[in-house]
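Input: a single structure, listed below in structure tokens.
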Amino acid sequence: MTEGTTTSAAAEGADTLSRLEQEGEIAADYLEGLLDIADLDGDIDMDVEADRAAVSIISDSSGRDLQKLVGRDGEVLEALQELTRLAVHRETGDRSRLMLDIAGFRAKKRAELSELGAKAAAEVRSSGEPVKLKPMTPFERKVVHDAVKSAGLRSESEGEEPQRFVVVLPA
């Protein structure tokens, strides 16, 4: 690689980081407005994880009020994430892959799904037979796929939304 190519790659990486930080700022402003309208207390935390802007709403108190923004099985959280992505798109003109977490719901879900993926991989390894899991959201399937991959096996998604599910396959 030449020096010009190295400099170009570093500049591109800095541009990507800057763009993702801008997405996080726009999302944080949007969510702050939402919290004000709903008269809910919460702090906004922004980060960049795996080439995505990641925004979390956390609370010092029990977070019971924030559970309203999570909803049953994260349904409200999914809708708020899409609305936040639309707000970012409106400002930037670019499609956003921003991830939203509220009151640690996604972090807890990610840990549970990683464990599910590892258990399914272990079951496939011992039986030699594919294992089909229950239907999941795209976020949930991604976490399971990652867990299966890290266990050294492969997986595929099958079916049509909203009944799309993961199949863990033998090596």
Side-chain angles (χ1 to χ4, degrees), residues 7-118 133-150 155 157 159-166:
T7 305
S8 174
E12 187 175 305
D15 287 348
T16 299
L17 181 61
S18 176
R19 182 180 52 78
L20 293 174
E21 288 172 343
Q22 179 191 17
E23 282 187 20
E25 292 287 338
I26 294 167
D29 290 344
Y30 176 79
L31 292 166
E32 292 242 351
L34 179 79
L35 289 173
D36 286 345
I37 291 168
D39 195 28
L40 296 172
D41 290 326
D43 294 321
I44 310 278
D45 183 38
M46 296 177 298
D47 200 1
V48 174
E49 299 173 359
D51 294 331
R52 288 181 179 214
V55 179
S56 300
I57 302 175
I58 52 179
S59 175
D60 293 336
S61 61
S62 68
R64 184 162 292 173
D65 284 346
L66 290 182
Q67 291 304 315
K68 296 172 187 174
L69 298 179
V70 172
R72 191 182 80 227
D73 295 326
E75 291 173 339
V76 176
L77 171 59
E78 290 288 335
L80 287 174
Q81 177 175 275
E82 286 306 309
L83 289 172
T84 305
R85 286 176 173 176
L86 286 172
V88 170
H89 180 266
R90 186 185 66 225
E91 292 289 321
T92 65
D94 295 326
R95 184 177 174 275
S96 173
R97 295 177 51 233
L98 174 129
M99 288 296 293
L100 175 63
D101 191 6
I102 299 175
F105 177 82
R106 278 201 202 272
K108 180 179 172 198
K109 191 78 166 169
R110 183 176 281 122
E112 292 170 359
L113 291 166
S114 292
E115 186 176 328
L116 174 67
L133 301 176
K134 66 178 179 56
M136 299 177 193
T137 66
F139 162 76
E140 293 169 333
R141 290 193 310 269
K142 170 76 168 108
V143 173
V144 171
H145 285 304
D146 290 348
V148 169
K149 183 177 181 180
S150 72
S155 57
S157 291
E160 298 293 323
E161 294 292 351
Q163 296 300 313
R164 200 153 167 80
F165 58 94
V166 173

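Please read these numbers as outputs of a predicted model, since none were measured by experiment.
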When the side chains of residues 14-32 are checked against the rest of the protein, which donor-acceptor pairs come out under 3.5 Å, sequence neighbours left out?
residue : atom : partner : partner atom : Å
Thr16   : OG1  : Glu12   : O            : 3.1
Arg19   : NH1  : Glu23   : OE2          : 3.2
Glu23   : OE1  : Ser96   : OG           : 2.9

Least distance between heavy atoms, [X] atom then [Y] atom:
X	Y	answer
Val76	Leu69	CG1-O, 3.3 Å
Gly117	Ala147	CA-CB, 4.0 Å
Met136	Leu116	CE-CD2, 3.7 Å
Ser155	Val166	CB-CG1, 3.9 Å

Approximate separation, where rounding is to 0.5 Å, of Leu77 CG and Thr137 OG1
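OG1 of Thr137 is found 9.5 Å from CG of Leu77.
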Looking at CG of Asp101 and CD1 of Ile58, how far apart are the two atoms once the value is rounded to the nearest 0.5 Å?
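Rounded to the nearest 0.5 Å, the CG-CD1 separation comes out at 10.0 Å.
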Which residues pass the side-chain hydrogen bond (donor to acceptor under 3.5 Å, both in side chains) test with [X], sequence neighbours left out?
X	value
Lys108	none
Glu112	none
Glu78	Arg106

Surrounding NZ of Lys142 (heavy atoms of other residues, nucleotides or ligands, distance under 6.0 Å), is the total greater than 12?
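It does not: Lys142 NZ has 12 such atoms or fewer within range.
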Yes or no on side-chain contact (heavy atoms from CB on, under 4.5 Å) for His145 and Ser157, after CA distance, side-chain angles and deciding distance?
CA-CA 9 Å; His145 285 304; Ser157 291; 2.8 Å; yes
Heavy atoms, side chains only, cut-off 4.5 Å: are Glu140 and Leu133 in contact?
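Side-chain contact under 4.5 Å: no.
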Listed pairs under 3.5 Å, donor-acceptor, residues 35-51 side chains, sequence neighbours left out:
none

For residues 82-93, which residue pairs pass the side-chain hydrogen bond (donor to acceptor under 3.5 Å, both in side chains) check, not counting sequence neighbours?
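Matches after skipping sequence neighbours: Glu82-Arg85.
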Checking the side chain of Arg52 only, and the main-chain atoms of Leu98 only, is there a donor and an acceptor separated by less than 3.5 Å?
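Absent.
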Which residues pass the salt bridge (Lys or Arg N to Asp or Glu O under 4.0 Å) test with Lys149, sequence neighbours left out?
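Listed in chain order: nothing, the list is empty.
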Checking Glu161 now: which residues fulfil salt bridge (Lys or Arg N to Asp or Glu O under 4.0 Å) with it, not counting sequence neighbours?
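With sequence neighbours excluded, Glu161 shows a salt bridge (Lys or Arg N to Asp or Glu O under 4.0 Å) to Arg141, given in chain and number order.
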Checking Val143 now: which residues fulfil side-chain contact (heavy atoms from CB on, under 4.5 Å) with it, not counting sequence neighbours?
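Val143: side-chain contact (heavy atoms from CB on, under 4.5 Å) contacts with Arg110, Leu113, Ser114, Phe139.
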